[in-house]
*Asks:* 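Could you have a look at this structure, given as structure tokens, before my questions?
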Amino acid sequence: MNSAKNIIGRYAPSPSGILHLGNMATSLLTWLDAKSAGGSIVLRMEDLDPERSSDAFAARIARDLKYLGLDWDIGYPQDEYSQSKRTALYEAAFDILMRRDMLYPCYCSRSERLAASAPHPGEQHRDPGCKCRHLSRLEREELDARGRKPAWKVKVPDKRIYFVDGHYGKFEENLADGGDFIVKRSDGVFAYQLAVSFDDMDMGINRVVRGRDLLSSTVRQIWLISELGGSPPEYCHAPLLISGEKKMSKRSGELNMEHLAAKFAPEELIGYIARLLGLSDGSPITANELLRNFSWDKVHKDDIII
Ligand code: GLU
């Protein structure tokens with residue numbers, strides 16, 4: 001890693017539930033990645049979707065990260081680090097794309113409810129394509145007059161995006177394979193892809209550590225950040241923790257901090273997660289003690305079945 005660069009990483013939890021073991025593992029890696037390079041960490045709450053997020057979960061997540069010894073340097077609870085308070089900034093980014101004729105209204109988006117959240121497995125927002133990109137002005141006006149509220153999609157070009165992931169190596173995908181994607185829902189809520197791209201750029205994030213299920217979102221974000229005039233961070237994706245054949249989710253409730261913190265001390269939890277990731281033998285240990293021997297080379301690449 002380039003030690004001359006001042007690393008700024010981030011935790012970007014969605015406060016739609018309590019941290020589970022998978023979130024804890026990615027948070028530990030975020031912390032180790034930044035701190036082993038002498039960098040700092042931002043805590044940003046990704047609470048875009050008012051129906052899925054709550055202040056109580058946000059407070060609980062912050063408390064649980066601290067309990068685990070995974071601190072941060074700046075961010076939550078300051079207002080400007082909660083996405084729900086950053087609408088005016090997203091509006092400005094949206095306007096830039098609009099002025100450049102990169103957006104169009106979509107009246108038929110079936111996946112739009114999910115667009116405010118990061119697409120995890122089973123929720124890939126792979127757009128099959130619809131007619132809305134090619135509606136005439138008159139057709140749009142007719143739909144508007146009938147009271148139809150459109151979502152807004154960005155037109156993606158037929159363009160291959162290439163990046164070198166810090167853990168998985170070269171990754172390449174054509175933007176057109178994923179299709180046009182939603183940047184604003186019809187109820188006015190900004191979509192995850194726009195908000196996360198803008199925020200990583202605006203907050204000066206230069207290292208993103210997150211689950212590898214977001215690898216294909218990464219090409220969209222690299223492209224969007226470049227279109228908005230920024231330079232994309234480096235990305236380091238992490239293996240997923242799989243329980244009962246599927247990736248854990250905050251909504252599923254099992255193996256989350258509510259149950260784990262009642263039974264185990266922070267060092268036991270960090271020791272257990274570190275063993276799952278390939279970083280230690282499982283004995284109780286603090287995040288700080290793990291720093292000494294931390295290396296991405298030790299972290300498994302295959303998903304981890306627990
Ligand atoms: N807010 C997302 C989540 O909790 C993370 C998105 C990201 O790291 O880009 O799954």
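First listed ligand is number 1; within each ligand, the first listed atom is number 1. Remember, predicted model here, so these are calculated numbers, not experimental data. Position 1 is the first residue of the sequence; numbering continues from there.
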*Asks:* Could you walk me through whether N206 and E234 pass side-chain hydrogen bond (donor to acceptor under 3.5 Å, both in side chains), step by step?
*Replies:* CA-CA 6 Å; N206 54 24; E234 291 171 356; over 6 Å; no
*Asks:* Only pairs at least two apart or in different chains count here, so list each salt bridge (charged side-chain N to carboxylate O under 4.0 Å, His left out) that has a residue in residues 67-78.
*Replies:*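 Listed once each, the pairs are K35-D73.
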*Asks:* Does ligand 1 have any N/O atom under 3.5 Å from a protein N/O, and what are those pairs and their distances?
*Replies:*
residue: ligand 1; atom: 1 (N); partner: A12; partner atom: O; Å: 2.7
residue: ligand 1; atom: 1 (N); partner: S14; partner atom: OG; Å: 2.8
residue: ligand 1; atom: 1 (N); partner: E46; partner atom: OE1; Å: 2.7
residue: ligand 1; atom: 4 (O); partner: S14; partner atom: N; Å: 3.3
residue: ligand 1; atom: 4 (O); partner: S14; partner atom: OG; Å: 3.2
residue: ligand 1; atom: 8 (O); partner: R10; partner atom: NH1; Å: 2.6
residue: ligand 1; atom: 9 (O); partner: R10; partner atom: NH2; Å: 3.0
residue: ligand 1; atom: 9 (O); partner: Y192; partner atom: OH; Å: 2.7
residue: ligand 1; atom: 9 (O); partner: R210; partner atom: NH1; Å: 2.7
residue: ligand 1; atom: 10 (O); partner: H120; partner atom: NE2; Å: 2.8

*Asks:* Which side chain to side chain donor-acceptor pair (under 3.5 Å) pairs, counting each pair once, include a residue from residues 271-282, with sequence neighbours left out?
*Replies:*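 Every side chain to side chain donor-acceptor pair (under 3.5 Å) pair that includes a residue of residues 271-282, provided the two are not neighbours, is D281-S283.
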*Asks:* Testing the 3.5 Å rule here: is there a donor-acceptor pair between the side chains of D200 and Q221?
*Replies:*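 No - no donor-acceptor pair under 3.5 Å links their side chains.
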*Asks:* Can you name the side-chain hydrogen bond (donor to acceptor under 3.5 Å, both in side chains) partners of S231, sequence neighbours left out?
*Replies:*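 In terms of side-chain hydrogen bond (donor to acceptor under 3.5 Å, both in side chains), with neighbours along the sequence ignored, S231 is linked to no residue.
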*Asks:* In terms of ring plane angle, is the pair F163 and H237 parallel, tilted or perpendicular, where the classes change at 30° and 60°?
*Replies:*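 F163 vs H237 ring planes: tilted.
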